[in-house]
Peer 1: 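Take this structure first; my questions come after.
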Amino acid sequence: MYLPALQNTDPAIRDLIIAEEKREWDKMRLIPSENYASAAVMEATGSILTNKYSEGYAKKRYYEGQQFVDQVELLAIERAKEAFGMPHANVQPYSGSPANMAVYHAVLEHGDTIMGLALPHGGHLTHGWKVNFSGKTYNSVPYELDPETELLNYDKILEQAKEVKPKMIIAGYTAYPRTIDWQKFREICDEVGAYFHADTSHITGLILGGAHESPYPMADTGITTSHKTLRGPRGAMILCKEEHAEKIDKAIMPGLQGGPHNNTTAAIAVALKEASTPDFKAYAAQIVANAKALAGKLNSHGFRLVTGGTDNHLILFETQQSKGIGGREAAKALDKAGIVTNCNTVPFDPNPPFKPSGVRIGTPAVTSRGMKEAEMEKLGDWMARAIDNVENDAELSAIAAEVKELCKDFECPGINPKNW
Ligand SMILES: *Cc1c(COP(=O)(O)O)cnc(C)c1O
């Protein structure tokens, strides 16, 4: 019996967990922010460390009994500092959004001007979008991509920064398929006297695996989630220069949070250890190779790729103009075909955000299963077939069966189908 205690206490939840495991095994998971955490990460996440309260920081806690939790957190911090080459790390943020909130809370005053990439161009909600706390608390003046190239235009960003004089510029995105020139951001920030905040949530695995340049240590502050390309538990870290260390720690606790999630902290330490291996380097390189192969295939099927291709783990492609099918319709058809994606706005999208023109995909999860270029070619063909048949449920089911057959041969880290 698998999950026997749950079977006894709450079979409804046990059944749903197993159903989700099967879904994650049987389908191609192309959502670029998702991944498969390893069995070791899952063990740490599910451990009794969840039982302990430890408000504060190692050796400075409010409750007794921290003999082992302190060691867990110190190990996670040491590994984070070493991995990113930053002098200070805080591993307590509950997730990426609170991590950004804590950084702003630490170094900005309410009403200060910030510049992040506009959400419809690939920025994150917490980078100053108007419905988010970051757009309400701070004076957010978003920058945009270049309308011709759909790329970051560093000259334009500098021009805008000179005009609006931001206290902080945020770089790091959720839907940008190209590499980021961090040095350029450093120079722009130096020229206008702004803090350089890097948010590497999506690409931390690529950075640690050597497949994307690192903004560390040149950024003043940075955050990353731990559950995307890094393949850890759901959580986040803040990295910063020494001068901000105390303010950052105080912003997390007591500024924003209470007790840290020690089970998550332990699993972050495990993920950082895994990310320091040669295997992880190969993994990061394969993510990019797979994305390039899949992008090439989609292009050959007549889909317009935003920026024309990809340098990282992510592809944004256009379905509305390319095929006369909306992004949402396309994503729904793909899901029926066993290929899980999300619809997404494209830069300068003529359609409203709830009816976007494109689909966002990424290769971190399928690469964790050991898939390579040959599987990406098949995937590209299936995707084109599905989008050509958005209303043909029989055809979509036929594709789903083929997808499932292929997926059988590729293990998902952290899931053991023998348990079912
Ligand atoms: C995912 C993401 C976040 C937010 O992380 P959550 O854990 O979902 O709160 C913040 N910034 C960027 C760039 C992200 O990709």
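Order of listing sets the numbers, starting from 1, for every ligand and every atom in it.
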Peer 1: Above 12 or not: heavy atoms from other molecules or residues under 6.0 Å from OH of Y2?
Peer 2: yes
Peer 1: Give the atoms of ligand 1, by number and element, whose distance to some non-hydrogen atom of G96 is under 4.0 Å.
Peer 2: 4 (C), 5 (O), 6 (P), 7 (O), 9 (O)
Peer 1: Would you call E375 and K378 a salt bridge, using N to O less than 4.0 angstrom?
Peer 2: no
Peer 1: Which protein non-hydrogen atom lies closest to atom 12 (C) of ligand 1, naming both residue and atom, and how far is it?
Peer 2: D199 OD2, 3.3 Å
Peer 1: Would you kindly say whether Y57 and E73 are connected by a side-chain donor-acceptor distance under 3.5 Å?
Peer 2: no
Peer 1: Does an N or O from G172, backbone or side chain, lie closer than 3.5 Å to an N or O of ligand 1?
Peer 2: no
Peer 1: Considering only the protein, which heavy-atom contact is closest to atom 3 (C) of ligand 1, and what is its distance?
Peer 2: H124 NE2, 3.3 Å
Peer 1: Just need the protein heavy atom nearest to atom 1 (C) of ligand 1, so name the residue and atom and give the distance.
Peer 2: K228 NZ, 1.3 Å
Peer 1: Please report whether ligand 1 has a polar contact with S97, defined as an N or O pair separated by less than 3.5 Å (distance criterion only).
Peer 2: yes
Peer 1: Does the side chain of H202 come under 3.5 Å of the side chain of H313 through a donor N or O and an acceptor N or O?
Peer 2: yes
Peer 1: Between F185 and F196, how do the two ring planes meet: parallel, tilted or perpendicular, split at 30° and 60°?
Peer 2: parallel
Peer 1: Identify, by atom number and element, the atoms of ligand 1 in contact range of T225, meaning under 4.0 Å from any of its heavy atoms.
Peer 2: 5 (O), 7 (O)
Peer 1: Check each heavy atom of H227 against ligand 1 and say whether those closer than 4.0 Å belong to the side chain, the backbone, both or neither.
Peer 2: side chain
Peer 1: Quick check, are the ring centers of Y173 and H121 under 6.0 angstrom apart?
Peer 2: no
Peer 1: To check your reading of the model: name the closest protein heavy atom to atom 7 (O) of ligand 1, its residue, and the distance in Å.
Peer 2: S95 OG, 2.4 Å
Peer 1: Does E191 have any salt bridge (Lys or Arg N to Asp or Glu O under 4.0 Å) partners at least two apart in sequence or in another chain, and if so, which?
Peer 2: K162
